[in-house]
Amino acid sequence: LGWGQLQSEMPYLKRRERTMKRLGILMLACLVWGCGERADELGPYIEKLKGMQQYNETLLSFKEYLKTEGMTDKAKGLSQLLKDYQAAIAALGTPEDKHIRALHNEMARALKEGIRKAGEPDSPTFVPSAQKAVRYVEEEIMTVYNNFERLWEKEGKAEPFPLKWPPKE
């Protein structure tokens with residue numbers, strides 16, 4: 001390159017250099033801004049779920065009613081209980097964290113399937129259908145709770161995991 005040709009390229013090179021500096025600053029700002037600490041979403045979500053323990057306890061009561069001859073009439077509200085539980089889970093909102101969201105959605109699907117399996121209280125097959133529905137929901141919710149406990153430990157929480165399935169009486 002000759003001196004004249006180099007001088008004609010200088011404004012272009014200076015513009016390119018300024019653009020590269022600006023791009024570098026922008027990338028650095030994005031990196032600093034994007035690497036901030038994530039907000040704790042698991043703790044507050046678990047606290048909200050803790051407030052729903054009465055649904056699990058009532059579900060276990062229905063399980064006992066369905067096992068006991070003469071008390072099966074008390075279990076006719078099973079579908080409504082599952083619908084209320086499903087509405088309460090939906091009212092929590094959809095979590096941002098993908099792991100928490102997956103478990104949230106799993107609970108919602110389990111309750112929807114439980115409602116479907118429970119059948120109608122007037123049906124002659126209500127008791128065995130309702131027993132299957134309760135067993136299914138219980139197993140699914142317990143699995144979700146176990147997975148929440150794994151997330152709890154993975155995040156290194158110091159306090160013990162607060163969610164437990166109600167003990168059998």
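- Of the charged side-chain nitrogens involved, at least one lies within less than 4.0 Å of a carboxylate oxygen, so that E106 and R109 count as a salt-bridged pair.
- Taking the side chain as every heavy atom from C-beta outward, L60 and E57 never approach each other to under 4.5 Å.
- In this structure, A110 and E140 approach most closely via the heavy-atom pair CB-CB, 3.5 Å.
- Atom NZ of K132 sits in a sparse spot, with 12 or fewer heavy atoms from other residues, nucleotides or ligands closer than 6.0 Å.
- Under the rule for a salt bridge (Lys or Arg N to Asp or Glu O under 4.0 Å), E139 has no partner lying at least two apart in sequence or in another chain.
- Here the closest non-hydrogen pair linking F126 and K76 is CZ-CA, 4.1 Å.
- When atom types are taken as modelled, the side chain of Q131 and the backbone of A118 share no donor-acceptor pair closer than 3.5 angstrom.
- In this structure, Q86 contributes its side chain and L111 its backbone to no donor-acceptor pair below 3.5 Å.
- In this structure, the side chains of K74 and F62 stay at 4.5 Å or more apart for every pair of heavy atoms.
- Across all non-hydrogen atoms, the minimal contact from E47 to P162 is OE2-CG, 4.3 Å.
- Note: L42 CG to F161 CZ = 7.0 Å, rounded to the nearest 0.5 Å.
- Using modelled atom types, one side-chain atom of E41 and one backbone atom of E96 make a donor-acceptor pair closer than 3.5 Å.
- By the 4.5 Å heavy-atom criterion applied to side chains, D40 and E155 are counted as neighbours.
- Within a 6.0 Å sphere centred on CD of Q54, other residues, nucleotides and ligands contribute more than 12 heavy atoms.
- Residues L103 and L151 have side chains in contact (heavy-atom distance under 4.5 Å, counting atoms from C-beta outward).
- Looking at every heavy atom in both residues, I100 comes nearest to D97 through N-OD1, 3.1 Å.
- Minimum interatomic distance between S79 and I115 (heavy atoms only, all atoms of both residues): O-CG1, 4.4 Å.
- Put simply, the side chain of I141 does not reach to within 4.5 Å of the side chain of L59, judged on heavy atoms.
- Checked against ring pair (Phe, Tyr, Trp, His ring centres under 6.0 Å), Y145 has no partners two or more places apart in sequence or in another chain.
- Closest non-hydrogen pair, G114 versus A133, comes out as O-CB, 3.4 Å.
- Put simply, the side chain of Y65 does not reach to within 4.5 Å of the side chain of L78, judged on heavy atoms.
- Between K63 and E138, at least one side-chain N (NZ, or NE/NH1/NH2) sits under 4.0 Å from a carboxylate O, which counts as a salt bridge.
- By the ring pair (Phe, Tyr, Trp, His ring centres under 6.0 Å) test, Y45 pairs with H104, F148, sequence neighbours left out.
- Listed for the S123 side chain is no donor-acceptor partner under 3.5 Å among the backbone atoms of G119.
- Salt bridge status for E149 with K164: present, with a side-chain N to carboxylate O gap under 4.0 Å.
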